[in-house]
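What follows is one structure encoded as structure tokens, with my remarks underneath.
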Amino acid sequence: KGTGAWTGRALIDTATSGLYYGLWGKAIADGDYVHAIWRASSVDASGAASTAIARNGQIGELLYGRSSDGGATWGILSQGNPLIDSTYNLGFGGDSYSIDAKNGVVAIAYSGISTDVGILKSTDNGNTWTRTVIQQFPIPFFDEAHNLTDINNDGVVDTVDSNGEDAHVLIDDNGMCHVWFSAMRMLNDDTTDGSYSYFPNEDGMYYWNESMGTNNYVLITGVIDANGDGTINLPTSTTCSLLSGYYGGCGLTCMPSAGIDANGTIYLCYQSICEACDTTTFTSGSYQARRHVYVMYSTDHGATWSTPEDIVPTTAQGGSGEGQEAAYGCMARKVDSDIYILYQRDTQPGNSLYTAGTCDEINNHGAGPSDIVVAKIPVSSLVGINNTQKPADFTVSQNYPNPATGETNISVTLAKASSVQFEVTDVVGKVVYSEAYRNFVAGKNNITLNTQGFASGIYNYSVITNDNKVTKQMVVR
């Protein structure tokens with residue numbers, strides 16, 4: 001398969017499409033049916049694609065197409081969906097959606113940092129659809145030019161739980177939809193600057209299926225503590241604004257992709273910070289954490305998940321993974337005795353297209369080509385089911401901003417309501433700050449730490465429950 005000549009055609013004819021371009025397309029085959037989605041980009045007066053011109057009331061309308069003859073002809077083309085049109089939100093960003101199809105069931109997952117995470121589902125091959133909201137954004141039709149994130153109208157801007165704009169959907173053999181998306185937070189405290197703030201050091205991968213309901217997703221993984229010392233050891237850069245490379249609205253763990261085998265075992269890959277990777281090979285002072293691609297699986301429809309495994313070969317395994325950045329993992333939907341994952345690999349965190357003068361741009365410029373890697377991973381090589389784990393009890397974000405100058409914020413995500421102890425220690429282990437929080441709720445909780453009385457230097461902060469302790473490092477200036 002794939003060895004013969006390829007036949008291609010343009011699905012969108014600008015002469016009949018209402019003058020727009022289709023961007024970031026995704027497709028899935030189900031027998032002779034091919035289902036596709038893409039984001040519409042309008043055309044300006046010069047004929048160039050424009051992301052600033054609304055089409056049908058949205059900046060980034062999500063469109064659907066369907067072929068019943070393997071892609072030769074398309075009976076449905078450039079079809080918007082009234083369940084997510086301009087009466088629902090202001091539009092979608094690039095690559096913030098996915099599609100799957102199985103035995104006549106079709107599902108589209110959508111997301112966005114200032115909109116809901118949800119799915120559209122059809123049980124009749126795309127003729128009719130229903131909508132289910134997974135994570136509800138608290139401000140409908142949010143627009144940074146008109147809305148502050150004051151969700152309780154108390155006059156104080158709130159930090160809002162959101163997502164990394166990377167929702168991914170998989171349909172199992174029973175027609176149930178499984179969805180993953182990464183954790184993110186955002187806030188908008190100024191309607192005049194044309195932008196909002198996000199938290200690139202947010203961490204966590206969420207999972208949901210149709211048995212769960214709205215806002216009942218669970219946390220299943222995050223950055224792995226590779227050396228088991230209870231601390232996620234990230235490099236302390238003297239010049240970089242980000243601890244790791246820039247990938248849009250992505251946090252430390254993001255970009256899920258999934259597959260399934262004939263037994264119904266579900267496999268997930270994602271990219272996350274590699275604590276064990278080398279961070280000393282960059283331009284002087286511009287130390288950033290590298291990312292790798294990880295795999296985990298569930299044999300019980302998402303109730304428990306295996307321990308995540310790094311798929312990038314280390315030096316001991318015949319590779320050079322300690323000095324590599326691996327990102328954009330994409331798993332083949334069908335898993336047999338092997339898992340097939342496509343990912344991009346080079347030597348530097350992030351990408352050279354980020355803002356000029358940033359560590360991403362400096363380190364990647366002239367660093368050589370990026371490889372597209374196909375990884376074939378025997379299922380038998382993965383950790384056995386005896387090592388499966390239930391969704392994590394809690395995760396702790398990297399503080400933001402870091403370095404801290406006066407005040408910094410830390411997010412604690414709990415699987416269930418709990419009391420927690422928060423401690424800050426200096427480099428010799430002396431406790432310099434401690435506070436008990438007795439009413440943290442299930443889900444996101446925020447700790448604001450005033451660092452004005454702290455001497456400049458490196459500190460560890462820990463969140464402690466009855467059963468677990470998570471420690472991370474921060475810098476105070």
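Numbers for residues simply follow the sequence, beginning at 1.
- Under the 30°/60° scheme for interplanar angles, the aromatic rings of Phe454 and Tyr459 are found to be tilted.
- Of the residues Ile341, Asp261, Leu170, Ile260, the one that meets the side chain to side chain contact (heavy atoms under 4.5 Å, CB included) test with Tyr267 is Asp261.
- Between the side chains of Asn263 and Thr265, no donor-acceptor pair is found at a separation under 3.5 Å.
- Here CE of Met184 is found 7.0 Å from SG of Cys250. Values are rounded to the nearest 0.5 Å.
- In this structure, Lys376 NZ and Tyr340 OH are separated by 4.0 Å, a value rounded to the nearest 0.5 Å.
- Counting heavy atoms from C-beta on, the side chains of Ile447 and Val412 come closer than 4.5 Å.
- Checked against the 6.0 Å centroid threshold, Phe199 and Tyr400 count as a close aromatic pair.
- Val312 places a side-chain heavy atom less than 4.5 Å from the side chain of Gln324.
- Side chain to side chain, Tyr433 and Glu423 fail the donor-acceptor criterion of an N or O pair below 3.5 Å.
- Aromatic pair Tyr97/Phe92: ring centres not closer than 6.0 Å.
- Checked against the 6.0 Å centroid threshold, Trp305 and Tyr207 count as a close aromatic pair.
- Within the model, atoms OG of Ser411 and NZ of Lys444 stand 4.5 Å from one another, a figure rounded to the nearest 0.5 Å.
- Taking the six-membered ring for Trp and thresholds of 30 and 60 degrees, Tyr196 and Phe142 have ring planes more than 60 degrees apart, a perpendicular arrangement.
- The closest side-chain heavy-atom distance from Arg291 to Pro349 is not below 4.5 Å.
- For the residue pair Glu407 and Asn450, no side-chain donor N or O sits within less than 3.5 Å of a side-chain acceptor on the partner.
- Counting only N and O atoms by type, the side chains of His178 and Asp172 include a donor and acceptor under 3.5 Å apart.
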Item to complete: Go through the steps to decide whether Asp346 and Asn364 satisfy the test side-chain contact (heavy atoms from CB on, under 4.5 Å), and finish with yes or no.
Response: CA-CA 9 Å; Asp346 60 19; Asn364 280 277; 3.7 Å; yes
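- For the pair Tyr270/Ile220, no side-chain contact is recorded, criterion being any heavy-atom separation below 4.5 Å from C-beta on.
- Between the side chains of Asn446 and Thr448, at least one donor-acceptor pair of N or O atoms lies under 3.5 Å.
- Side-chain atoms of Arg185 and Ser162 include no donor-acceptor pair closer than 3.5 Å.
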Item to complete: Test Ile372 against Leu342 for side-chain contact (heavy atoms from CB on, under 4.5 Å), laying out the working first.
Response: CA-CA 7 Å; Ile372 301 298; Leu342 190 74; 3.5 Å; yes
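- Using a 3.5 Å distance cut-off with no hydrogens or angles, the side chains of Asp203 and Ser397 do not pair a donor with an acceptor.
- Side-chain contact between Phe394 and Asn468 is present, with heavy atoms from C-beta onward closer than 4.5 Å.
- Contact annotation: the side chain of Tyr294 never approaches that of Ile311 to less than 4.5 Å [non-hydrogen atoms, C-beta and beyond].
- Counting heavy atoms from C-beta on, the side chains of Glu309 and Leu382 come closer than 4.5 Å.
- A side-chain N or O of Asp190 and one of Thr192 form a donor-acceptor pair less than 3.5 Å apart.
- A 4.5 Å side-chain heavy-atom check between Gln271 and Ser257 finds every atom pair outside the cut-off.
- Between Tyr247 and Tyr328, a ring centre-to-centre spacing shorter than 6.0 Å is recorded.
- Side-chain contact of Thr115 with Asn89: a donor-acceptor pair under 3.5 Å is present, judged by distance alone.
- One finds the CD atom of Gln288 at 8.0 Å from the OG1 atom of Thr358 (value rounded to the nearest 0.5 Å).
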